[in-house]
Amino acid sequence: MGHNPVMSQITAIAVDEPPGRSECWCCGRVEAPERMVRLGAHPEVALCLGCAHFVHRAASEIEDRSRTGFRVRVRDRVRR
């Protein structure tokens, strides 16, 4: 299997940020660095936990578009 960046260790690397503060690249929320999710190949990109959950749900929806079955229908109804 290939490398899964979501499952890799989250590293807090501040780039041009005040010490102890990180800004979400999606919504702009400011959080402590240890409360942010960083992209593996681009540690300068930080997402707050809310936006990280949103991105995960969006990715799951995209994957389900090419799938069929009972579980996909249940997940689709739960999303609505």
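Small disclaimer: the values here were computed from a predicted structure and weren't measured. Heads up: numbering here begins at 1 and tracks the sequence.
Among all heavy-atom pairs drawn from R38 and A46, the shortest one is NH1-CB, 3.5 Å.
The CH2 atom of W25 lies 9.0 Å from the NE2 atom of H42; values are rounded to the nearest 0.5 Å. Here R29 contributes atom CZ and L49 contributes atom CG; the two are 9.0 Å apart, rounded to the nearest 0.5 Å. Interatomic distance, SG of C24 versus CD of E31, reported as 9.0 Å (0.5 Å rounding).
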One pair to check against side-chain contact (heavy atoms from CB on, under 4.5 Å): C26 and C48. What are the steps and the verdict? CA-CA 8 Å; C26 183; C48 69; over 6 Å; no

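Residues R35 and S22 have side chains that never bring a donor and an acceptor to within less than 3.5 angstrom of each other.
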